[in-house]
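Since this is a predicted model, take the numbers as computed values, not measurements.
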Amino acid sequence: MARREASVTDAQASSTDFSSPLLAWYDRHHRSLPWRTPPDETKLGVLPDPYRVWLSEVMLQQTTVGAVKRYFEAFTDAWPTVEALAASHSDEVMKAWAGLGYYSRARNLKKCAETVASEYSGRFPDTEAGLKALPGIGDYTAAAIAAIAFNRPAAVVDGNIERVITRLYAMETPLPQAKPEIRALVAKAMPQHRPGDFAQAMMDLGATICTPRKPACVLCPITEDCAARRKGIAERFPLKAPKKEKPTRIGAAFVAMRSDGSVLLRKRPASGLLGGMAEVPGSHWTARQDGVSDVTAAPFPAAWRPSGSIHHVFTHFALELFVFKAEFPRTASPGDGWWSSPDALPGEALPTVMKKVIEAAIPGATKKSRKG
DNA sequence: GAGACGTGGAT
DNA sequence: TATCCAAGTCT
């Protein structure tokens, strides 16, 4: 310890051998998660099911652990193996994914399962390169699966690890320019034994100790290696480019209800925003203008009555949607959509923004009945 | 490389 | 209320 502190300047301040205290901390303080094999087992050579690792890693992309847990349980209950998922209907997968966001993940999940089932006999590739060739698996996920499920010495770098490393070395280079350097530092620090536990230890440290705000440096097992901590400026890292402000778009949405309570839905195009998900008919979402939204986009002529408005924020724009409601008196062809019954509606592949729209018109309509 | 791509929880 | 942001990937 004294040797480390005395011997170096900031640029090289952090030793690259912090893996031992980090792994010791992980052995004692690791999080227990449904998809994880605890360190006392991995040390005996017991590794988690690659299918479960893959599924969890894809769900966890830009998504919190708390949100993922329920979906992970639902998916593994419905599809316990990659072959089962490959054999499923994609509509069912989109329904099960509804609410989790970033729906291209669900589309790629299905494609990836089909590829693994048909071209790899249901067994995931065990190398980074092999994994990265699959849809929906990029640099991070390929490295994570290789390390965690196959104990390969892959340099795993996610947002947590970027934060830990930029603080450890007090890196003044902002993200994403700093990524290559971060990756090299992780590769240098990674122990050849326990690469999977090392990756998960780094992520647990970032998630529970080395947090974005108010990092708990007094509890950190490698605080003495940390240049940012020594300077008292841990919270300043990582440096990032300023964000752009998001525009607002505006539109109209039409909730058509039949006398039996069914609601008219249609399916969005297969790619792009909310691709492959269900929606109620609506207008184009235009840049906000002074004036009213387009009521001429209604699916059929009727006495459309205003039913409030909803506000929803996507990653790159905010949306204000004026909701209109009308009773559709007789049976008729739903055109390119379908009538969803009150029983079916809660289970449809409705993204959150569309659940908000329907709730504005018909309170409670999208909630699942508690009695099952 | 920059923009598209969701959502809900925390501060 | 406003802002940030969480185990990224694809184009």
Ignoring backbone atoms, establish whether A/Tyr103 has a side-chain N or O less than 4.0 Å from OP1 or OP2 of B/dT7. yes

B/dG6 phosphate, OP1 or OP2: any side-chain N/O from A/His312 under 4.0 angstrom? no

Starting from [atom2] on [N], measure out to [atom1] on [X] and report it in whole angstrom.
X: A/His316; N: B/dG6; atom1: NE2; atom2: C1'; value: 10 Å
X: A/Lys356; N: B/dG6; atom1: NZ; atom2: P; value: 14 Å
X: A/Glu162; N: C/dA6; atom1: CD; atom2: C1'; value: 12 Å
X: A/His311; N: B/dG6; atom1: NE2; atom2: P; value: 17 Å
X: A/Lys240; N: B/dA2; atom1: NZ; atom2: P; value: 15 Å
X: A/Trp54; N: C/dT9; atom1: CH2; atom2: C1'; value: 15 Å
X: A/Leu100; N: C/dG8; atom1: CG; atom2: C1'; value: 13 Å

Determine the contact category for [X]: base if any of its heavy atoms lies under 4.0 Å from a base atom, sugar-phosphate if only primed atoms, P, OP1 or OP2 are that close, otherwise nothing.
X: A/Val156; value: nothing
X: A/Trp97; value: nothing
X: A/Arg107; value: nothing
X: A/Leu33; value: base

Per atom distances to the A/Pro212 side chain, the nearest of C/dT9, B/dG6, C/dA6 is C/dA6

Identify which nucleotide among C/dC10, B/dA2, C/dA6 has an atom closest to any side-chain atom of A/Lys244, counting heavy atoms from C-beta outward. B/dA2

Give the ring-plane orientation class for A/Trp304 versus A/Phe254, where under 30° counts as parallel, over 60° as perpendicular and anything between as tilted. perpendicular

Parallel, tilted or perpendicular: ring planes of A/Phe72 versus A/Trp35, cut at 30 and 60 degrees: perpendicular

Want to settle it: does A/Val313 or A/Arg213 sit nearer the 5' end of DNA chain B, counting the closest nucleotide to each? A/Val313

A/Gly101 or A/Pro176: which one's nearest nucleotide on DNA chain B is closer to the 5' end? A/Pro176

Contacts under 3.5 angstrom, residues 239-250 of chain A side chains, donor-acceptor by atom type, not counting sequence neighbours:
from	atom 1	to	atom 2	distance (Å)
A/Lys246	NZ	A/Phe314	O	3.1
A/Lys246	NZ	A/Thr315	O	3.0

A/Asp17 bridged to A/Lys188 by N-O distance under 4.0 Å: no

Apply side-chain hydrogen bond (donor to acceptor under 3.5 Å, both in side chains) to A/Gln61 and A/Thr141, showing your working. CA-CA 8 Å; A/Gln61 291 166 6; A/Thr141 306; 3.0 Å; yes

Do the side chain of A/Thr352 and the base of B/dG8 come within less than 3.5 angstrom through a donor-acceptor pair of N or O atoms? no

Does the B/dG8 base have a donor-acceptor partner in the side chain of A/Thr64 within less than 3.5 Å? no

